[in-house]
Amino acid sequence: MKKLLTAIAGAVLAAGAMAAYPDKPITIVVPFAAGGPTDKVARDLAVALAKPLNNATVIIENVGGAGGTLGAAKVSKASPDGYTLLLHHIGMATSPALYRKMPYDTLTDFEYLGMVNDVPMTLVGRSTLPANNMAELRTWVNANKGKINLANAGLGAASHLCGLLFQQAMAVDMTTVPYKGTAPAMTDLLGGQVDLMCDQTTNTTGQIESKKIKAFAVTTTKRLSTPALKDLPTLDESGIKGFNVTIWHGLYAPKGTPKAVQEQLNQALRTALKDADLNKKFENLGAVTVTDSRLNQADHKKFVETEIGKWGPVIKAAGQYAD
Ligand code: ASP
């Protein structure tokens, strides 16, 4: 009897604790520098996510470095209580192939809460580059072998993956310059310290619109409809056949986060993604909100698993590793 009462009391207490979630600020770790594309997605999402979470305070913490693996590692080791989350991109799937030693296991150290959006990339260059289109860029690249700097956000970053595929397609090795995110990389591209970068439209659209950088192509197989980007050719139609990179973003919690909290976060994410303001912000930057089955936790995980299988051989074939 005593045991039963204790069990009931425990269950009531647990339910009470659950019902109270969230009763303190929630931190979303962004594994890249502030002001960059992943950060933008996270900050916009945080505003929309707060409402269905009883107007909780949602804080963004930027933990950049090592292509996103430092921030992801931090979340994998955080207390699994729903107060530390991770907003990460395709790097969840590319890092395992790029690093010989990973500080976490992508598939077993996280709870998958649902996908957020898909974001195309753009191939951009400093405004002083003599090339103005893909054909001229190809000529310039071939004439400047050994002298070209390509910025990225470190091994495992989306910009690294895209830059890697671009170099392979051009059959030219470039000097890669790693940053803690593409926000600081963009500063150097604007200043002309680096020549080229491949980055999400969420970071490049404004700069392209104001003509502070040159845009050469988009990385999707179809042209984009975003006004500032609609005239850009695809890399595929520019002769790099089959080039197709889209950067997806997803939300994660440390392994062991209570199921009820996970479900609450998944529901909040679904509500947030229907928010008109959020959709307008995403749309203006070329991002497409996820509405398909990848909003289901199990399908989100399955999708990442498929992406690991897809990118692993491509990266291995390129012989790119870090310890
Ligand atoms: N766009 C970056 C990347 O290359 C990440 C970032 O700074 O958000 O992965």
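All of these numbers come straight from a predicted model, not from anything done at the bench.
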Residue that, paired with T182, satisfies side-chain hydrogen bond (donor to acceptor under 3.5 Å, both in side chains) out of N152, D39, D199, T187: D199

Calculate, to the nearest 0.5 Å, the distance between atoms [atom1] and [atom2] belonging to [X] and [Y] respectively.
{"X": "L85", "Y": "E61", "atom1": "CG", "atom2": "CD", "result": "11.5 Å"}
{"X": "T201", "Y": "F282", "atom1": "OG1", "atom2": "CZ", "result": "11.0 Å"}
{"X": "K214", "Y": "N132", "atom1": "NZ", "atom2": "CG", "result": "4.0 Å"}
{"X": "L49", "Y": "L269", "atom1": "CG", "atom2": "CG", "result": "6.5 Å"}
{"X": "L123", "Y": "L232", "atom1": "CG", "atom2": "CG", "result": "9.5 Å"}
{"X": "T139", "Y": "M134", "atom1": "OG1", "atom2": "CE", "result": "10.0 Å"}

Has [X] got a side-chain atom pairing as donor or acceptor with [Y]'s backbone, closer than 3.5 angstrom?
{"X": "Y83", "Y": "D23", "answer": "yes"}
{"X": "Y179", "Y": "A33", "answer": "no"}
{"X": "D105", "Y": "L107", "answer": "yes"}
{"X": "D236", "Y": "G242", "answer": "yes"}
{"X": "E111", "Y": "G256", "answer": "yes"}
{"X": "T94", "Y": "G156", "answer": "yes"}
{"X": "Y104", "Y": "A72", "answer": "no"}
{"X": "T220", "Y": "K222", "answer": "yes"}
{"X": "D118", "Y": "W248", "answer": "no"}
{"X": "N266", "Y": "Q262", "answer": "no"}

Above 12 or not: heavy atoms from other molecules or residues under 6.0 Å from [atom1] of [X]?
{"X": "K241", "atom1": "NZ", "answer": "yes"}
{"X": "K274", "atom1": "NZ", "answer": "no"}
{"X": "K77", "atom1": "NZ", "answer": "yes"}

Considering all heavy atoms of both residues, which atom of [X] and which atom of [Y] are nearest to each other, and what is their separation?
{"X": "P37", "Y": "T202", "answer": "CB-OG1, 3.2 Å"}
{"X": "Q264", "Y": "P22", "answer": "NE2-CD, 4.1 Å"}
{"X": "F243", "Y": "C162", "answer": "CZ-O, 3.8 Å"}
{"X": "G286", "Y": "P120", "answer": "O-CD, 3.0 Å"}
{"X": "I28", "Y": "L86", "answer": "CG2-C, 4.4 Å"}
{"X": "A185", "Y": "V194", "answer": "O-CG2, 4.2 Å"}

Are [Y] and [X] linked, directly or through intermediate hydrophobic residues, by side-chain heavy-atom contacts shorter than 4.5 Å (ILVMFWY only)?
{"X": "V218", "Y": "V245", "value": "no"}
{"X": "V58", "Y": "V116", "value": "yes"}
{"X": "V288", "Y": "L224", "value": "no"}
{"X": "L137", "Y": "M174", "value": "yes"}
{"X": "I315", "Y": "L150", "value": "yes"}

Heavy atoms, side chains only, cut-off 4.5 Å: are [X] and [Y] in contact?
{"X": "H160", "Y": "L98", "answer": "yes"}
{"X": "I240", "Y": "M170", "answer": "yes"}
{"X": "V172", "Y": "N142", "answer": "yes"}
{"X": "L196", "Y": "Q167", "answer": "no"}
{"X": "L53", "Y": "L265", "answer": "yes"}
{"X": "L190", "Y": "I213", "answer": "yes"}
{"X": "K259", "Y": "Q297", "answer": "yes"}
{"X": "T221", "Y": "T234", "answer": "no"}

Sidechain N-carboxylate O distance under 4.0 Å for K51, D277: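 Salt bridge: no.
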
Basic-acidic side-chain contact under 4.0 Å: D299, K302: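 A salt bridge links D299 with K302.
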
side-chain hydrogen bond (donor to acceptor under 3.5 Å, both in side chains) evaluation trace for R270 with N296: CA-CA 9 Å; R270 288 170 187 270; N296 298 331; 2.7 Å; yes

Y252 and H300 aromatic ring geometry - parallel, tilted or perpendicular at 30°/60° bounds: tilted

Parallel, tilted or perpendicular: ring planes of H89 versus F32, cut at 30 and 60 degrees: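 It falls in the tilted class, 30° to 60°.
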
Test log, rule side-chain contact (heavy atoms from CB on, under 4.5 Å), inputs Y112 and F303: CA-CA 11 Å; Y112 286 63; F303 174 75; over 6 Å; no

Chi angles and distances behind the side-chain contact (heavy atoms from CB on, under 4.5 Å) call for M186, K212: CA-CA 10 Å; M186 178 60 83; K212 290 191 179 135; over 6 Å; no

Modelled atom types, side-chain donor and acceptor of T289 and N279, under 3.5 Å: yes

Any donor-acceptor N or O pair under 3.5 Å, side chains W311, E307: yes

T69/S95 under side-chain hydrogen bond (donor to acceptor under 3.5 Å, both in side chains): CA gap, chis, key distance, verdict: CA-CA 7 Å; T69 55; S95 300; 5.8 Å; no

Criterion side-chain contact (heavy atoms from CB on, under 4.5 Å) on M197 and D188, from CA distance to verdict: CA-CA 10 Å; M197 176 163 77; D188 278 4; over 6 Å; no

Verdict with reasoning, I90 to Q200, per side-chain contact (heavy atoms from CB on, under 4.5 Å): CA-CA 11 Å; I90 194 171; Q200 284 105 302; over 6 Å; no

Check against salt bridge (charged side-chain N to carboxylate O under 4.0 Å, His left out), D195 and R126: CA-CA 5 Å; D195 301 312; R126 61 178 160 83; 2.7 Å; yes

